[in-house]
J.: 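After the structure tokens below, expect a handful of questions from me.
Numbered from 1 within each chain, the chains take letters A, B, ... in sequence-line order.
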Amino acid sequence: GAGVSQSPSNKVTEKGKDVELRCDPISGHTALYWYRQSLGQGLEFLIYFQGNSAPDKSGLPSDRFSAERTGGSVSTLTIQRTQQEDSAVYLCASSPAPLGQGEDTQYFGPGTRLTVL
Amino acid sequence: QKEVEQNSGPLSVPEGAIASLNCTYSDRGSQSFFWYRQYSGKSPELIMFIYSNGDKEDGRFTAQLNKASQYVSLLIRDSQPSDSATYLCAGGGGVTTDSWGKLQFGAGTQVVVTP
């Protein structure tokens, strides 16, 4: 596809269940980012990948959160034992190279709206 | 204290006027600054970036960076109703390669352009 895609678009789950969110970046983009946005809030950085490696995981809110990227392409964000405070829109973005390295383009996916009951 | 601060607004601007948005940051190690626009219910889009002190112009948008005072601003000239959105300021990209790509975001300023 031409843009960043995410699936599912909506996910409703019960507290305590695990969820997996998927992101397909733009082909050839080496940098991939995960953010979350709670209602009426700004963006919260979670993690970014350069290729398959994540130089900085400090944005992950707790050890219930993990992410991986394989083949320099698709990434999955996994939340274990979901809590109500995990409810948010989870956004994925990609760029040809990491921002802050002279890269000035970044494209966002449509997001996954997660609701934990 | 958040690392990146913005006034939440709303900032009401008459059509055709200049909208001025400000952002301050606390991390002196931040090297790169970005402005995003987010329409209600939509994903953000990156509209401007700035790395050097001074002004950077792109069409109707001008970003200004003052590292000594630790502030970034965005000017929108000839504001149009289509500019009504929330504008997010972000900073990051320090001197180490591990920090590239990690941005801290402000909560955003809502701009309303009135016809």
J.: Non-hydrogen atoms of chain B under 4.5 Å away: do they reach the side chain of A/Y35, the backbone, both or neither?
T.: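 Only the side chain of A/Y35 comes within 4.5 Å of chain B.
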J.: Looking at B/G108, B/S43, B/S8, which has the largest count of heavy-atom pairs under 4.5 Å with chain A?
T.: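 Ranked by heavy-atom pairs under 4.5 Å with chain A, first place is B/S43.
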J.: Sorted by first residue and then second, give each disulfide (SG to SG under 2.5 Å) pair with at least one member in residues 33-84 of chain B; sequence neighbours left out.
T.: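 Listed once each, the pairs would be none.
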J.: Tell me, side chain or backbone of A/L91 under 4.5 Å from chain B's heavy atoms, or both, or neither?
T.: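 Side chain only.
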J.: Under 3.5 Å, side chain of A/S75 to main-chain N/O of A/C23, donor-acceptor pair present?
T.: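 Such a contact is absent between A/S75 side chain and A/C23 backbone.
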J.: Residue by residue, scan residues 60-67 of chain A and write down, ordered by number, those that have a heavy-atom distance under 4.5 Å to chain B; if none do, write 'none'.
T.: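 Heavy-atom contacts from residues 60-67 of chain A to chain B are absent.
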J.: Could you tell me if the side chain of B/L74 sits less than 4.5 Å from the side chain of B/M48, heavy atoms only?
T.: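 In short, these two side chains touch, coming nearer than 4.5 Å.
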J.: Among B/F61, B/F105, B/F49, whose ring pair (Phe, Tyr, Trp, His ring centres under 6.0 Å) with B/Y36 holds?
T.: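 Only one option passes, and that is B/F105.
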J.: What residue pairs, at least two apart or across chains, pass salt bridge (charged side-chain N to carboxylate O under 4.0 Å, His left out) with a residue in residues 70-87 of chain B?
T.: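 Qualifying pairs, neighbours excluded: B/E57-B/R77, B/R60-B/D83.
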J.: Under 3.5 Å, is there a donor-acceptor pair between the side chain of A/S95 and the main chain of A/A97?
T.: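 Yes; at least one donor-acceptor contact below 3.5 Å.
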J.: Within the distance-only criterion (no hydrogens, no angle test), does the side chain of A/T82 pair as donor or acceptor with the backbone N or O of A/E14 below 3.5 angstrom?
T.: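 Yes: the side chain of A/T82 pairs with the backbone of A/E14.
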J.: Looking at A/Y90, is its backbone amide N or carbonyl O close enough to the side chain of A/Q6 to form a donor-acceptor pair, meaning the two atoms are under 3.5 Å apart?
T.: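 Between the backbone of A/Y90 and the side chain of A/Q6 there is a qualifying donor-acceptor contact (under 3.5 Å).
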J.: Which residues from residues 107-117 of chain A are near chain B, with near meaning under 4.5 Å between non-hydrogen atoms?
T.: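 Listed by number: A/F108, A/G109, A/P110, A/G111.
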J.: Could you tell me whether the side chain of B/N66 and the main chain of B/Y71 form a donor-acceptor pair under 3.5 Å?
T.: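 Between the backbone of B/Y71 and the side chain of B/N66 there is no qualifying donor-acceptor contact (under 3.5 Å).
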J.: Is chain A contacted by the side chain of B/Q38, its backbone, both, or neither, given a heavy-atom distance below 4.5 Å?
T.: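 When you check distances to chain A, only side chain atoms of B/Q38 fall under 4.5 Å.
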J.: If only atom types and distance count, is the side chain of B/N7 paired as donor or acceptor with the main-chain N or O of B/G9 below 3.5 Å?
T.: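 Such a contact is absent between B/N7 side chain and B/G9 backbone.
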J.: Identify the residue among A/I79, A/V12, A/D86, A/T78 that makes a side chain to side chain contact (heavy atoms under 4.5 Å, CB included) with A/V19.
T.: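 Testing each of A/I79, A/V12, A/D86, A/T78 against A/V19, the sole residue satisfying side chain to side chain contact (heavy atoms under 4.5 Å, CB included) is A/I79.
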